[in-house]
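Residue numbers begin at 1 in each chain, while the letters A, B, ... track the order of the sequences.
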Protein chains: 2
Amino acid sequence: MPREDLARRIAGEITLSDDPGATLRKWRTDFDVSQTALAEQLDVSSSVISDYESGRRESPGIGVVRRMVEALLDIDESRGGGRIRQYARVISAGFESDIVQDLREYPTSIPLETLYEAMDATELVRGDQDRISGHTVINSIEAITRLSSEEFYRLYGQSTSRALVFTGVTRGESPLVAMRVVNPTPNAVILHGLTEDDLWEHAPALATIDGFSLAISNRDLEEMLEDLRRLP
Amino acid sequence: MPREDLARRIAGEITLSDDPGATLRKWRTDFDVSQTALAEQLDVSSSVISDYESGRRESPGIGVVRRMVEALLDIDESRGGGRIRQYARVISAGFESDIVQDLREYPTSIPLETLYEAMDATELVRGDQDRISGHTVINSIEAITRLSSEEFYRLYGQSTSRALVFTGVTRGESPLVAMRVVNPTPNAVILHGLTEDDLWEHAPALATIDGFSLAISNRDLEEMLEDLRRLP
DNA sequence: CACGGGGTTCGACGAACGCCGATATCGGAG
DNA sequence: CTCCGATATCGGCGTTCGTCGAACCCCGTG
């Protein structure tokens, strides 16, 4: 069923998009598929894909969209189904994939250091626990603007033994405050997209109070997500 | 945002459907909108709608689908937005609307009897609490076959002061067992779609142990859901 | 620098869409 | 019995889609 859920979501997004072509492209690149490969899978000329993506047809038929989506998922499946599984985790947890950018449960617990390396993160505060068994990557802006309070709870709560990664952080004030309010707290919080100079002055103190590790990272987002997916 | 989420979901379902026309019809009737009214909203002839629903065009353009969906939602909004809110509740809780058929939080708590009346239910066991402040209607078959264990937890847990209604029940064994396992338990469980004779023999005993009310109902499903929506 | 891979642009053309209006059926209201 | 709202069926017609293939661009690499 996860495949169907994801398919519906992609199809719905493309269908309602102001610019269906751009949305299609977004998903194709997200799945790491070239126009050529997609065209091959669909048994059409590669210019067809380009035409759609460039918006030459403003209202493609439903059939085209369906075929495109299925083809993308087919390709992913033939590669092992990594992307499908990744999105399935986020979706079945009930979140949008643009809010929760990744959500994983490792087969076994790993040292926090391993995560730091994958993210090229610098630790500022060392918490009580130094192993984690999963991580959640949250777009902090989207989360703060779009989540309801119950959803926050669902997202931040039940996060023991995990690391929460916040992307698009400017100072780190809101994520840290949220961690104070919520219970239980994660083992580690990693702020992404800022340098140590930008960090909110009270951040380390708050982390210390609740006993979780705090780190920051400023690596390229896409690359970082890519590496996180490969983790254990 | 709930409107957009719902719109995407409907659009996705139509786009990927084997029979887009039938799916469109399903949603239109679900929103209680006549072909004529939809056509009027879209400023087209009513035969257009009929043609689409009957499948005369096998691959309608994305634009058509978008306009249809938006029109349905516009109509609902002009009527107060009841359906949108209803689905929004289910969706933002992270479930599919065919698994969770309704999910409500009343503005104020109501006596259990009020719910019984709306469902034409017969109480078999009287629990410790006789008021509820919300209800969740769950398709028991879909739930058992499609939900993961975490999702179960999300659905059944955090259900204090609520009534859980299970539809499509044959004997009531699995819902009652699930209630034993989960914590906290709801104030009431109502099994729908069976008669007292069909009931699993141990059901009343289990309800008594956990102190929740148990009732059964065998009314027509659609009518019942309709009345539940109107509740307080 | 030539070659290949990824992508874009565009003319062309048959097929299918998008919409209309007329006609027809059917069940309920008056 | 008639009128009306809701839905279905269908011929018709202008528009757009769906697809191809050829030409072309950029960039990295042997």
Side-chain angles (χ1 to χ4, degrees), chain A residues 10-11 14-72 74-76 78-79 83 220 222-223 226, chain B residues 11 14-72 74-76 78-79 83 222-223 226:
Chain A
I10 299 176
I14 294 177
T15 302
L16 291 183
S17 170
D18 288 335
D19 185 346
T23 308
L24 170 60
R25 167 176 276 137
K26 172 189 122 186
W27 282 102
R28 176 180 61 78
T29 52
D30 205 279
F31 272 79
D32 256 313
V33 173
S34 73
Q35 289 186 347
T36 323
L38 220 202
E40 214 158 88
Q41 173 77 23
L42 287 165
D43 204 31
V44 297
S45 165
S46 82
S47 66
V48 171
I49 311 293
S50 179
D51 279 347
Y52 283 119
E53 291 189 355
S54 70
R56 194 186 188 194
R57 301 277 174 254
E58 32 181 276
S59 175
I62 239 181
V64 175
V65 175
R66 179 177 34 237
R67 272 170 275 152
M68 299 266 191
V69 173
E70 298 293 356
L72 279 181
D74 283 343
I75 292 175
D76 186 61
S78 74
R79 289 173 175 173
R83 277 292 189 290
D220 174 74
E222 285 309 318
E223 283 180 24
E226 202 52 54
Chain B
I14 295 177
T15 302
L16 291 182
S17 170
D18 289 334
D19 185 346
T23 308
L24 170 59
R25 167 175 275 136
K26 173 189 124 187
W27 283 102
R28 178 179 59 77
T29 54
D30 205 279
F31 272 79
D32 255 314
V33 173
S34 73
Q35 289 186 348
T36 323
L38 220 201
E40 214 157 89
Q41 173 76 23
L42 287 166
D43 204 31
V44 298
S45 165
S46 81
S47 66
V48 171
I49 313 292
S50 180
D51 279 345
Y52 283 119
E53 290 189 357
S54 70
R56 196 184 187 195
R57 301 278 175 256
E58 21 183 289
S59 174
I62 242 181
V64 174
V65 175
R66 178 174 37 233
R67 271 170 276 152
M68 299 265 189
V69 173
E70 298 293 359
L72 280 180
D74 283 343
I75 292 175
D76 187 61
S78 73
R79 288 174 177 174
R83 277 290 189 291
E222 286 308 320
E223 284 180 23
E226 202 52 53

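- The environment of A:Glu58 atom CD is sparse: at most 12 non-hydrogen atoms of other residues, nucleotides or ligands sit within 6.0 angstrom.
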Quick one: side chains of residues 36-48 of chain B, donor-acceptor pairs under 3.5 Å with protein atoms, not counting sequence neighbours, listed by atom name and distance.
from, atom 1, to, atom 2, distance (Å)
B:Ser45, OG, B:Ser47, N, 3.3
B:Ser45, OG, B:Ser47, OG, 3.2

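- C:dA16 atom C1' lies 9 Å from atom CD of B:Glu58, rounded to whole Å.
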Dump every N/O contact between nucleotides 4-8 of chain C and the protein below 3.5 Å, one line per pair.
from, atom 1, to, atom 2, distance (Å)
C:dG7, OP1, A:Arg28, NH1, 3.3
C:dG7, OP2, A:Gln35, N, 2.5
C:dT8, OP1, A:Arg25, NH2, 2.4
C:dT8, OP2, A:Arg25, NH2, 3.2
C:dT8, OP2, A:Gln35, OE1, 3.4
C:dT8, OP2, A:Gln35, NE2, 2.4
C:dT8, OP2, A:Ser50, OG, 3.1

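- No side-chain heavy atom of B:Glu53 sits under 4.5 Å from any side-chain heavy atom of B:Asp19.
- One atom, CZ of B:Arg67, and another, C1' of C:dC19, lie 10 Å apart when rounded to the nearest Å.
- The shortest distance between the side-chain N/O atoms of B:Tyr52 and the OP1/OP2 oxygens of C:dC19 is below 4.0 Å.
- Proximity of B:Ile62 to A:Val65: side-chain heavy atoms (C-beta onward) are separated by under 4.5 Å at one or more points.
- Put simply, the side chain of A:Arg66 gets close to the backbone of B:Ser17: a donor and an acceptor are under 3.5 Å apart.
- For DNA chain D, the contact window with chain B, defined by any atom under 4.0 Å from a protein heavy atom, covers D:dA6 to D:dG12 in 5' to 3' order.
- A salt bridge links A:Asp30 and A:Arg83; the closest N-O separation between the charged side-chain nitrogens and carboxylate oxygens is under 4.0 Å.
- If you measure from atom CZ of A:Arg56 to atom P of C:dC13, you get 14 Å, rounded to the nearest angstrom.
- Protein atom CZ of A:Arg57 is 12 Å distant from nucleotide atom C1' of C:dC17, rounded to whole Å.
- Within the 4.5 Å cutoff, the side chain of B:Ile75 has no heavy atoms near those of the B:Phe31 side chain.
- Residues B:Tyr52 and B:Met68 form a side-chain contact, since some pair of their non-hydrogen atoms from C-beta on lies under 4.5 Å apart.
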